[in-house]
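Before any comments, here is the structure.
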Amino acid sequence: MATIQMTVRPEDLSQVPKGGERIPEPGVLTIFGASGDLTKRKLLPALFHLYQANLLPEKFAIVGVARRPLGDDFGKDMREGIIDFGGADAGDPRLASFVGHISYFPLNFDDTSHYAALKTELDRIAKEKGIGDDRLFYLATAPEFFADIIENLGAHGMAKPEKGRVAVVIEKPFGHDLDSARELNRQVNAVFSENQVFRIDHYLGKETVQNLLVFRFANGIFEPIWKRNYIDHVQITVAETLGVEGRGPFYEKAGALRDVVQNHMMELLSLVALEPPSSFDADSVRREKFKVWRAIPSIPILNAVRGQYGPGIVEGEHVIGYRDEERVNPESGTETYAALRLEIENWRWAGVPFYLRAGKRMKKRATEISIFFKQPPLLIFNRMATFGPCSEIQPNLLTIRIQPDEGIALRFGAKVPTSPEMAVCPVYMDFDYEAAFGKSSANGYERLLLDAMLGDQTLFAHRDGVETTWALYTPILQAWAAKKPEVFPNYFAGSWGPECADHLLEHDGRAWRNELGRRS
């Protein structure tokens, strides 16, 4: 199969505005749970990338908050994280300057007396550095601390000050079912107004995810065929080669449906399926996403399958099964794989099935959206087909690669040169982000952190959307909890998942696309 590479002309790229006007006002960013991996591996490297790009104000402060008394070791640890996970040069003088903006404050999240001292410390830092009254609180803690932190921020006057803009960023998981999500929303909105709340999903920070909207609505050739008349079905895959990586207790409570499908995958689905928003602002985009989720009818339990990986071989190495992982119940019924078939009952998508699958210890790491187009009404060339790789004409396929090789590929048929017959073979037009724009050390949090500091909620979840997606999946979770799986584990590590997932598509005369990733 031939591949046609696609590039960006330097003269076109030079005309792109640098976005220097998107610089937040001076403020203090407070990260709760700052001793965890998220801060070291993602948040601080992303903030440093913004600093390198001159997208942070001249005056700002980052205050890490956690229970352990880390002191000056916190800044040193964050510096190492920026080097190890953010691609920074240890000798870069801007790194030393950036670390100078970081400090640490020990605090017990559930001890209300500590919050008065935190407020005093934040006010002191702001006054000393001439920063002002803007505050951004980032909750990177375990979910059980969200309510305590938010309640205490409100009780000590840090949620609605007289001056300045205050916002809170909340990491997923945002609830574990519909009832818990509603209760958490109630607790949050009792302290913060909805326009102060930024529920973050890091998938929306990925360039290809954002480019999906540009691809659809900034190009006149795709949107006219982006509907049931031309599209046969859609597949969305989030496949990981990793296991639970020592997070057994967390994953035992979560599982694949809660961890990936209800949030990440529903966001991807909404961007594929939404109607053109009137403008690219928070209200317009969120409104169209919400319409998509509301148009999905209840998912029959027969259209949802689960799996759990057993021992196997991943990337040439023998790995243990899920039940043998550290701190996992040896008789666990937690799913490490979930697949679903659903439909969107609206004018654009009626009759087009969407197939979603997410799993750990899969054959290949890949997050992709595959748009399968319908075959032409009359396959005249099939009458001349011969046996071999070109004997069957394949449908047109558009693939959006989210990770690890971000890009977009289009498959179409072409005549084989010098063929005495009209032999048709598939060829690919492949746009690769790295080849076109160069390799980036960005991790996806850069855009989201900047938007939160600017007060732009476009790429963040609204409470109504969170509750709507939980309403779809809570009945499935309840059904799975009521009946233990008959056969677990039911797929080998290093495979494409359990056979029961294949049946979801086989009943429709379709099959999963397993040739994922960039074509060389």
Strictly below 4.0 Å, N to O, side chains only: are [X] and [Y] in salt-bridge contact?
| X | Y | result |
| --- | --- | --- |
| Glu275 | Arg348 | yes |
| Arg199 | Glu194 | yes |
| Lys289 | Glu267 | yes |
| Glu368 | Arg401 | no |

Q: Taking the six-membered ring of Trp347 (Phe, Tyr or Trp), confirm whether the NZ or CZ of Arg228 is under 6.0 Å from its centre and within 45° of its axis.
A: yes
Under the 3.5 angstrom rule, does the side chain of [X] hit a backbone N or O of [Y] as a donor-acceptor pair?
| X | Y | answer |
| --- | --- | --- |
| Gln403 | Thr367 | no |
| Arg216 | Leu274 | yes |
| Lys172 | Asp259 | yes |
| Thr468 | Arg294 | no |
| Thr474 | Ala471 | no |
| Trp512 | Ala501 | yes |

Q: Could you tell me how the ring of Trp226 sits relative to the ring of Phe215: parallel (under 30°), tilted (30 to 60°) or perpendicular (over 60°)?
A: perpendicular
Q: Would you check if Tyr322 and Lys360 make a side-chain contact, meaning some heavy-atom pair closer than 4.5 Å?
A: no
**Q.** Check: Met453 and Leu50 side chains under 4.5 Å, non-hydrogen atoms
**A.** yes
(Q) Considering only residues two or more places apart or on different chains, which pairs with a residue in residues 494-505 satisfy side-chain hydrogen bond (donor to acceptor under 3.5 Å, both in side chains)? (A) His503-Glu506
Q. Under the criterion side chain to side chain contact (heavy atoms under 4.5 Å, CB included), which of Leu448, Val197, Leu136 is the partner of Val169?
A. Leu136
Q | Tyr203 and its side chain to side chain contact (heavy atoms under 4.5 Å, CB included) partner, picked from Asn263, Thr208, Val238 | A | Val238
Q. Between CZ of Arg463 and CG of Leu184, what distance do you get to the nearest 0.5 Å?
A.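 Nearest 0.5 Å value for the CZ-CG distance: 9.5 Å.
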Q.
Using 0.5 Å steps for rounding, measure from the CG atom of Asp177 to the CD1 atom of Ile476.
A. 13.5 Å
